[in-house]
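The chain is numbered in sequence order, starting from 1. From a predicted model like this one, the values you see are computed outputs, not experimental measurements.
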Amino acid sequence: MSSLKQIIHLNPIGWILYSVITIVCFLFFLHADIIHTATSSYAYLSGHSKDFYEYNKVYLGGNDYLPLIYIMFATWTIPIHFLGFTTSPELNNFQWNLLTQPSLPIELAWWKTLLALVYIGSILMMAKITKLIQPDTKIELSLISTLFATSPFVIFSVFIFSGYDIFSTFFTLLGLYYYLKKDLRLFILFFAIAIPLKYFSAILFFPLVLMIEKRPLHILKILMLGVSIIFIQVILYWKSQVFKDEILSLLLSKLTSNSGQEINLLKLVPKLFLLMIYLGACIHVFLKEFKSYTEWHKYAVFMPILSYALLFLAVKWHPQWCIIIMPFIMLSYIFIQNKRLMGILEIIGMVSFIWYVFNAWKLNVDVSMMNNSVLKNLLPQALIINSDLFHGGKSLFRFIFNLYLFSPLLILFYEAKKTSHIKATTPSQEMIINRLLLGVGFLVLSSFICIFRPEDWRNFINPDATIRLHDKLIGR
């Protein structure tokens with residue numbers, strides 16, 4: 001705990017608020033995705049390793065991920081499995097719904113504890129990476145890890161949505177750390193683990209390789225090693241037709257954003273344009289000769305920001321993905337003079353993100369997450385949903401969020417071109433904690449309002465909200 005306090009620098013009031021927010025989010029919010037994935041992993045604990053995908057096709061309707069993510073959950077679940085706290089799929093056929101889930105609160109809390117531990121590991125890696133990039137302590141070394149730990153986007157993904165994208169983020173940070181240390185073997189190894197956990201890590205891996213290796217055959221060798229763990233998993237389950245159908249279907253939907261629908265060539269044009277920008281940036285870093293370590297470090301931070309920001313423009317993203325770009329946005333503070341402005345933009349970006357999510361994922365990523373939570377049995381049924389309070393404006397708020405993702409690049413460009421002196425600013429303790437309070441509070445407080453609202457609000461706001469939410473919860 002003492003080492004954690006060294007890399008998360010908050011005053012006593014900040015620590016209290018940070019602790020209360022994370023505990024509340026831990027106990028009162030959880031998206032159903034982790035329930036499906038974690039309970040799928042039980043097949044391994046029941047001895048269904050060879051027929052894993054066939055078995056879960058019957059009981060859970062299928063799995064979209066490679067085996068590694070399920071193996072990680074299965075390994076973590078071994079203690080409570082032997083204590084008898086896990087659910088038997090044969091007993092209930094896993095026909096769970098949002099009102100009568102078989103998962104016990106101890107299971108939910110156990111899964112979220114794993115996410116919290118990986119989150120802490122990611123904070124530690126942010127501190128180590130900062131020390132490598134900024135060894136002369138021009139900025140406070142704990143600033144970047146503190147900003148990451150208290151980022152409302154990170155808290156949302158880990159503690160509210162309960163997304164396991166933090167796994168890939170952690171291994172990506174490990175890979176980046178050894179990349180900056182010029183340890184090529186460990187850089188490749190950890191990215192080879194990160195990529196099958198979240199394929200998008202490959203988008204970062206490619207340009208990072210091009211920055212340090214200029215020989216075509218060696219580049220090809222490194223790229224092959226980077227996806228080697230994917231190949232191993234595919235080979236192990238290639239005889240499973242269910243596996244091939246599920247995995248290839250997911251990959252196709254990610255690439256086309258059409259979820260199995262016919263590919264619209266007209267809609268592919270802007271995506272191809274974004275792809276050309278990405279490839280152009282990759283060619284640029286391949287041809288570039290870095291004049292200093294500082295320049296190389298800067299590219300190692302801002303190239304991932306550009307790559308992931310383009311990704312968010314190109315595909316129909318899911319809310320929990322927001323965490324994948326956040327380590328690099330936090331690291332960008334090292335190179336940006338007006339750090340206070342970055343903090344303000346994060347608040348605006350988070351509020352816009354949540355407003356968009358409320359309206360784009362109604363009855364999915366909103367107050368309905370409280371009906372999956374560890375303390376779900378203590379909560380009354382919501383009569384309204386968040387979009388009833390904050391309605392409309394999807395396109396506008398998505399645009400603002402997308403603009404926020406590019407903001408580090410825009411600010412860096414502006415500061416580089418500005419001829420006059422730019423005053424360096426550092427986020428105060430109040431600014432750091434206000435990012436968290438305003439960003440997370442927008443979702444948390446509005447969700448509690450939906451749960452504990454005055455009875456007459458229902459008819460005043462949306463008389464159909466109760467019917468819609470009830471139908472969602474019982475799976476209609």
Side-chain angles (χ1 to χ4, degrees), residues 122 125-141 143-145 147-148 169 171-192 194-195 200-223 225-226 277-311 324-337 339 342 405-417 422 424:
S122 300
M125 290 313 305
M126 288 292 290
K128 288 180 174 291
I129 291 169
T130 302
K131 193 171 183 179
L132 282 179
I133 295 178
Q134 192 69 22
D136 56 358
T137 64
K138 286 182 181 178
I139 65 167
E140 181 186 348
L141 287 177
L143 174 63
I144 304 305
S145 51
L147 288 168
F148 177 79
T169 300
F171 285 106
T172 297
L173 289 173
L174 273 171
L176 180 65
Y177 174 72
Y178 286 104
Y179 176 79
L180 296 172
K181 292 192 74 173
K182 293 192 172 182
D183 188 329
L184 187 61
R185 288 179 297 178
L186 290 179
F187 160 62
I188 295 171
L189 172 63
F190 288 120
F191 262 93
I195 291 170
F200 303 140
S201 301
I203 298 173
L204 308 188
F205 186 64
F206 182 50
L208 290 177
V209 171
L210 295 180
M211 286 169 57
I212 58 171
E213 181 56 71
K214 310 302 179 182
R215 296 166 294 180
L217 290 179
H218 284 73
I219 292 172
L220 181 60
K221 176 184 175 182
I222 294 173
L223 294 179
L225 289 171
I277 296 176
Y278 170 74
L279 293 177
C282 289
I283 293 172
H284 170 70
V285 298
F286 175 71
L287 297 175
K288 184 171 180 57
E289 294 182 6
F290 296 100
K291 299 176 182 178
S292 65
Y293 278 112
T294 299
E295 186 179 39
W296 176 50
H297 290 160
K298 186 181 293 186
Y299 269 79
V301 169
F302 284 91
M303 186 64 196
I305 292 176
L306 175 64
S307 302
Y308 273 152
L310 291 172
L311 170 72
I324 64 178
I325 193 174
M326 287 306 140
F328 302 98
I329 290 182
M330 299 306 120
L331 288 169
S332 74
Y333 277 76
I334 296 173
F335 303 100
I336 289 173
Q337 295 296 313
K339 298 174 177 59
M342 282 294 297
L405 297 182
F406 285 95
S407 63
L409 293 161
L410 298 174
I411 293 175
L412 184 73
F413 178 80
Y414 170 76
E415 291 183 348
K417 295 298 181 182
I422 299 175

Not counting sequence neighbours, which residues clear side-chain hydrogen bond (donor to acceptor under 3.5 Å, both in side chains) with [X]? List them please.
{"X": "K291", "answer": "none"}
{"X": "Q337", "answer": "none"}
{"X": "S122", "answer": "none"}

Can you check whether I203's main-chain N or O pairs, donor with acceptor, with Y278's side chain at less than 3.5 Å? yes

Starting at [atom1] of [X], measure out to [atom2] of [Y] and round the result to the nearest 0.5 Å.
{"X": "I336", "Y": "I411", "atom1": "CD1", "atom2": "CD1", "value": "5.0 Å"}
{"X": "I329", "Y": "I144", "atom1": "CD1", "atom2": "CD1", "value": "12.5 Å"}
{"X": "L189", "Y": "L184", "atom1": "CG", "atom2": "CG", "value": "11.0 Å"}
{"X": "L204", "Y": "I324", "atom1": "CG", "atom2": "CD1", "value": "7.5 Å"}
{"X": "M125", "Y": "T130", "atom1": "CE", "atom2": "OG1", "value": "10.0 Å"}
{"X": "I334", "Y": "K298", "atom1": "CD1", "atom2": "NZ", "value": "11.5 Å"}

Compare every heavy atom of [Y] with every heavy atom of [X], then report the nearest pair and how far apart it is.
{"X": "I212", "Y": "F187", "answer": "CD1-CE2, 4.5 Å"}
{"X": "K181", "Y": "L132", "answer": "CG-CD1, 3.4 Å"}
{"X": "T172", "Y": "S201", "answer": "OG1-OG, 3.4 Å"}
{"X": "E415", "Y": "F335", "answer": "OE1-O, 4.3 Å"}
{"X": "F171", "Y": "A194", "answer": "CB-CB, 3.8 Å"}

Only residue of P408, S407, P327 satisfying side chain to side chain contact (heavy atoms under 4.5 Å, CB included) with I305 is P408

*asked:* Would you say that M303 contacts C282 through its side chain, given a criterion of any heavy-atom pair below 4.5 Å between the two side chains?
replied: yes

Q: Begin from the C-alpha positions of L147 and K339 and carry the test side-chain contact (heavy atoms from CB on, under 4.5 Å) through to its verdict.
A: CA-CA 11 Å; L147 288 168; K339 298 174 177 59; over 6 Å; no

Sorted by chain and number, sequence neighbours left out, salt bridge (charged side-chain N to carboxylate O under 4.0 Å, His left out) with R185 holds for none

Sorted by chain and residue number, the salt bridge (charged side-chain N to carboxylate O under 4.0 Å, His left out) partners of K214 (sequence neighbours excluded) come out as none

Between F205 and F190, is the ring centroid distance below 6.0 Å? no

**Report entry** L287 atom CG: more than 12 heavy-atom contacts under 6.0 Å
**Finding:** yes

Residues 173-180, side-chain donor-acceptor partners within the protein, below 3.5 Å, at least two apart:
residue : atom : partner : partner atom : Å
Y179    : OH   : L208    : O            : 2.8
Y179    : OH   : W296    : NE1          : 3.3

- Query: Which is it for F406 and L310 under the side-chain contact (heavy atoms from CB on, under 4.5 Å) test, yes or no, and what are the steps along the way?
  - Reply: CA-CA 9 Å; F406 285 95; L310 291 172; 4.1 Å; yes

